[in-house]
Amino acid sequence: MDISQLNPQQQEAACHGEGPLLILAGAGSGKTRVITCRIAHLSAARGVAPENILAVTFTNKAAREMRERVEEMLGKKRCKGMVIATFHSLCVRILREDIEALGYKKNFSIYSTADQLRLIKDLIQQVDIGGRKFDAERVLYAISDAKNRLVPPEKFAVKYHDDYEYMAAAVYPRYQKALKAFNAVDFDDLIMLVARLLQEQPAVLEKYRARFRYILVDEYQDTNAAQYLLLKLLAGGHRNLCVVGDDDQSIYGWRGADLGNILEFERDFPGARVVKLEQNYRSTGNILAAANAVIKNNGKRREKALWTADGAGPRVDYLLCEDEEDEARAVMERIHGERFREELNYSDFAILYRTNVQSRAFEEQLRYENIPYVLIGGQQFFDRKEVKDLIAYLKVLVNHRDEVNLLRILNYPKRGIGETTADRLIRHSAQTQNPLWEVLKSAGELDDLGDKAQEAIAAFVALMERYRRLFNRHGMMVETLRELIAEVRLEQEIYRTVDDPAKARRRVENMEEVANALASYLEREESPSLPGFLEKVSLLDEERPGRDSKEKKLERDAVVLMSIHSSKGLEFPHVFLVGMEEEFLPHKKTLTETFDLDEERRLCYVGITRARRRLVLTGARRRKKYGEMQLRVPSRFLAEIPAELLNASRGEEPPQLPEEEKDQRASKAFANIMSILGD
DNA sequence: GTTGCGTTTATTTTT
DNA sequence: TAAACGCAAC
């Protein structure tokens, strides 16, 4: 480890000893370097044992990179036992060990969003408020939000008195009860249950406090109430908590992230040392000045200003285009020109937008001009039906109480257990309080089922029990999986139901990808298991079979298209921040419903600070929306960038007037009209 | 069990 | 505009 390569503030942070530490790390200020150096410092200079170090991140990618870099510095051997994990995978580890204290079994399933939605749809039907229909996603969102805020079902308060709140209030307790009966937890539970476990079980808390004596947290601005409590409990004894983050880059408020956590760190951990990292090693001076100018308009924030030792660079460009097509063409023009002039790769360019629909015009133009591009985001591999079906089999094999997935596969592919039979089975299960799986096992004794149905059920039970045994054979898991696919005829089912042969083939290949993912998991893992594989799959850890994960896509020589959210943590020599218009950035929703303009401004800030050497902002005068042409107004954030930093070509118009002036102008216009009317 | 048609709705998505 | 969904009809 070479501390001397760090700047003074970075050194101060990396070498801090005991007690709480807040590192306010501006965009591009080398925070990963500081965190990894700090871990190395704790280990090498202060003799902290690896198993006493816990580093928590939000993404698998961040965790992986952190581990790699620490291993590079310390050597693999001295990192053994160190826990560098995401919040979720840390919590799974803890729960696998200690969840029984909460009344779950250790083979609990982790429910994906799709699993959650299936369950919630079902529960909405059961509650049934006057036959009115409800969007399950909105109900799920309300429940998830409650969990993130640590609000238990019985304390869920209806505040705004809208229908969805009442529905959520009705569904939430049932949902939570069902999950427990199914021996399943959702993503939010992973955090919430661990927080509860630590709160209610002093012995468990002591165990982990003794184990994790030094805790480091990355992207602290993104922590929610549950994660905060978890950290507070874990660090409660020794207070060796080091958090790194940037309040200006908090863009996940809508997922429960609580900006207060980073703003109030010293209040929560008195005596905390605060280190600001403001030197930026990424962008040119003008880009940073633009970023600073925008973000300083936010009210609640930690004052900081990024600076660079490098030059100012060219000014930030602003292109006001006619419409979305013109905008796309303008961006292409720039890509062609710059690429040629500076001998750049396509992958040096990124096009960032607020909403995914905006990518379309750019995709079309890129394709038209034969420029290679990758689109990041969109449908996830595990959202594909065929993958979910196969995974459902595996989930049930591991946890037969998982009724959401049991019902998913009970008659898929068709095996003669129709809807009527299923309904009867479910009713029996409800009446006798017996898990559905037990009802299936004893279905032979039920007199309201026909012989055919009973036979089919018995065959299904036998199939599942057989595969449960088969999967336990050592070193045969991939073969077993393929046998399972063949035996239940999943492929035939796809070819039967999908009429487009190419599409069908792709789906079958996706299923094969699951087998490949399992194979690569088996290769990598020391003591692999089916539950272990499912866990990786659920937590979207590297076994994700999609042949184009975000990381892989970024390796190709292609222009990158993605949302501003997806771009956090990345950087590109040339960035196009497109659609700089009111109702995109800030988004219409925040103007009419959520009113969190600050988060939109942070989003703008994140977009700007992705650029290393050149930033181009674009917008259109009009664009087609919902099939209709609309006039567009330049984003108010443009007006926050000082004119001398901006290079406005194309349109003559300067960025829009500041808000107050616009208001004044509007009220003057209003006064005029009134006076005319008054005459 | 499909197919087809009308209705509805339209952010962001680290796990 | 377009995609996703639900419901009714085949």
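Scope of the values below: all heavy atoms of this structure, side chains included, with no hydrogens, waters or symmetry mates. Per chain, numbering begins at 1; letters A, B, ... match sequence-line order.
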Most 5' of A:V357 and A:S89 on DNA chain B, judged by nearest nucleotide: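 Its nucleotide being nearer the 5' end, the pick is A:V357.
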Closest-nucleotide mapping onto DNA chain B: is A:W254 or A:S538 further toward the 5' terminus? I mean the 5' end.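 Nearer the 5' end of the strand: A:W254.
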Between [options], which one does the side chain of [X] approach most closely?
X: A:N60; options: B:dT11, B:dT13, B:dT15; answer: B:dT15
X: A:D222; options: B:dT13, B:dT14, B:dT15; answer: B:dT14
X: A:N356; options: B:dT14, B:dT11, B:dT12; answer: B:dT12
X: A:T355; options: B:dT15, B:dT14, B:dT11; answer: B:dT11

Mind checking what makes side-chain hydrogen bond (donor to acceptor under 3.5 Å, both in side chains) contact with A:R149, not counting sequence neighbours?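 A:R149 satisfies side-chain hydrogen bond (donor to acceptor under 3.5 Å, both in side chains) with A:D145 once adjacent residues are dropped.
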Roughly, in whole Å, what's the span from [atom1] in [X] to [atom2] in [N]?
X: A:N224; N: B:dT13; atom1: CG; atom2: P; result: 18 Å
X: A:E219; N: B:dT15; atom1: CD; atom2: P; result: 12 Å
X: A:L603; N: B:dT11; atom1: CG; atom2: P; result: 14 Å
X: A:L90; N: B:dT14; atom1: CG; atom2: C1'; result: 16 Å
X: A:D135; N: B:dT7; atom1: CG; atom2: P; result: 19 Å
X: A:D598; N: B:dT12; atom1: CG; atom2: P; result: 21 Å
X: A:R138; N: B:dT9; atom1: CZ; atom2: P; result: 9 Å
X: A:R602; N: B:dT12; atom1: CZ; atom2: P; result: 18 Å

Per the salt bridge (Lys or Arg N to Asp or Glu O under 4.0 Å) rule, what does the pair list look like for residues 183-197 of chain A, sequence neighbours excluded?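 Matches after skipping sequence neighbours: A:K147-A:D186, A:K147-A:D189, A:R196-A:E200.
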Please walk me through it: do A:W254 and A:H565 pass ring pair (Phe, Tyr, Trp, His ring centres under 6.0 Å)? CA-CA 12 Å; A:W254 50 279; A:H565 280 92; 5.7 Å; yes
Do the charged groups of A:R360 and A:E364 touch, with an N to O distance under 4.0 Å?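 Salt bridge: yes.
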Within 45° of the six-membered ring axis of A:Y412 and under 6.0 Å from that ring's centre, is NZ or CZ of A:K385 located there?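 Yes, a cation-pi geometry.
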At a cut-off of 3.5 Å, list every protein nitrogen or oxygen paired with a nitrogen or oxygen from nucleotides 1-9 of chain C, distance to 0.1 Å.
residue, atom, partner, partner atom, Å
C:dT1, O4', A:G627, N, 3.4

Pick one: which of A:E628, A:E581, A:E324 meets salt bridge (charged side-chain N to carboxylate O under 4.0 Å, His left out) with A:R623?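 For A:R623, the salt bridge (charged side-chain N to carboxylate O under 4.0 Å, His left out) test succeeds with only one of A:E628, A:E581, A:E324, which is A:E581.
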Candidate list A:K395, A:K106, A:R96, test salt bridge (charged side-chain N to carboxylate O under 4.0 Å, His left out), partner A:E535, passing option: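 Passing option: A:R96.
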Got a sec, which residues hit salt bridge (charged side-chain N to carboxylate O under 4.0 Å, His left out) with A:K31, two or more places apart in sequence or on another chain?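 A:K31 satisfies salt bridge (charged side-chain N to carboxylate O under 4.0 Å, His left out) with A:D218, A:E219 only.
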Mind checking A:D188 for me? I need base, sugar-phosphate or nothing, with any heavy atom below 4.0 Å counting as a touch.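 It contacts nothing in the nucleic acid.
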Taking only N and O in the side chain of A:S563, is any of them less than 4.0 Å away from OP1 or OP2 of B:dT13?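 It does, given that an N or O in the side chain of A:S563 lies less than 4.0 Å from OP1 or OP2 of B:dT13.
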State which residues pass side-chain contact (heavy atoms from CB on, under 4.5 Å) with A:N298; sequence neighbours excluded, sorted by chain then number.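 For A:N298 the side-chain contact (heavy atoms from CB on, under 4.5 Å) partners, ignoring immediate neighbours, are A:I295, A:R301, A:D598, A:R601, A:R602.
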So, A:D115 and A:S112: side-chain donor and acceptor under 3.5 Å apart, yes or no?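 Yes, A:S112 and A:D115 have a side-chain donor paired with an acceptor closer than 3.5 Å.
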Find every protein N or O atom lying less than 3.5 Å from an N or O atom of nucleotides 2-5 of chain B, and list the pairs.
residue, atom, partner, partner atom, Å
B:dT2, OP1, A:R496, NH1, 3.2
B:dT2, OP1, A:R496, NH2, 3.3

Distance, P atom - from C:dC5 to B:dT12, rounded to whole angstrom: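 B:dT12 and C:dC5 have their P atoms separated by 16 Å.
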So is the aromatic ring of A:Y252 stacked onto the base of B:dT13, judging by whether the centres are under 5.5 Å apart and the planes are under 30° apart?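 A stacking contact does not exist, since A:Y252 is not both close and nearly parallel to the base ring of B:dT13.
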State whether the aromatic ring of A:H88 stacks on the base of B:dT15, taking stacking to mean ring centres under 5.5 Å apart and ring planes under 30° to each other.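 Base of B:dT15: not stacked against A:H88.
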